[in-house]
Amino acid sequence: MNSQPWGSGPLQPQPPVREPILKIPAAALFLALSMPLLYAVQLQLPDGGLNWAFYPADLARTLGLPGLVTAMLLHASWSHAALNAVTCLCFAPPVARMLPGGRGAAVFLLFYTGCGIVASLGYGLLHLSGTDPMVGASGAVSGLLGAALRLMGRPAWAGPGPMKDRRALTMLGVLMAINVAVGLIGYAPGTEGARIAWEAHAAGMLVGYLTVGPLFRRTRRWLPLVG
């Protein structure tokens with residue numbers, strides 16, 4: 001039986017669809033690649049970048065600025081930078097796909113930065129007298145992880161699932177428990193003996209999980225549609 005529609009011409013072969021080699025959005029790839037590149041620059045600084053780290057005690061003097069922003073640009077070692085870059089490649093893409101186009105990329109980077117600031121602030125408020133420097137993009141990347149939990153199994157155009165989704169909440173609880181356990185044990189790949197700021201990871205993950213919904217609702221009207 002011929003399934004060709006009545007009145008249509010002969011079936012023509014369709015040109016092959018060219019799939020991109022990398023399906024990682026440009027903004028997510030840029031962010032991940034920036035981490036080792038920035039660490040290479042950091043190594044050239046006279047103090048190894050410690051002047052730009054976040055010191056909790058600075059919250060009482062300068063509101064933590066500029067360290068609240070610049071600390072996420074620094075890392076403690078090559079392995080630390082590489083670990084955060086790989087983690088970013090895992091969890092940044094679904095958030096970046098939700099925010100397409102040039103303006104979407106700008107919002108994506110602002111969202112990442114905001115998660116990093118809140119992560120450092122959360123750590124600082126729990127260690128107000130702390131004088132040890134905190135560096136790393138882990139808190140900001142944890143924000144992307146928290147946001148990605150609400151995007152699991154959903155097309156980019158649909159945006160985040162409900163905040164009370166049982167699967168997302170279960171994953172959030174499991175990851176929070178693992179984060180606390182790793183922080184208390186004091187060892188994780190790439191840390192090379194440095195103390196783990198698990199509080200920053202927890203704060204970043206939580207703010208990403210809670211704010212990705214409002215972010216999507218406020219931006220979907222002026223960003224391009226995604227398939």
| query | Got a second to check how far T70's OG1 is from Q42's CD, nearest 0.5 Å? | reply |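 It comes to 10.0 Å.
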| task | Can you run down the salt bridge (Lys or Arg N to Asp or Glu O under 4.0 Å) pairs that involve residues 130-155, sequence neighbours left out, and say none if there aren't any? | result |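 Every candidate salt bridge (Lys or Arg N to Asp or Glu O under 4.0 Å) pair involving residues 130-155 fails, so no pair, neighbours aside, qualifies.
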| query | Taking only residues at least two apart or on different chains, which pairs with a member in residues 49-75 satisfy salt bridge (Lys or Arg N to Asp or Glu O under 4.0 Å)? | reply |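 For residues 49-75, and leaving out neighbouring residues, the salt bridge (Lys or Arg N to Asp or Glu O under 4.0 Å) pairs sorted by first residue read D58-R61.
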Would you check if [X] and [Y] make a side-chain contact, meaning some heavy-atom pair closer than 4.5 Å?
X	Y	answer
L172	M176	yes
M98	L215	yes
L31	L89	no
L59	L121	yes
P56	L128	no
V141	M35	yes
L83	H75	no
W52	L73	no

| said: Strictly distance-based, threshold 3.5 Å: is any side-chain N or O of R97 a donor or acceptor partner for the main-chain N or O of I24? | reply: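 No, R97 side chain to I24 backbone: no donor-acceptor pair under 3.5 Å.
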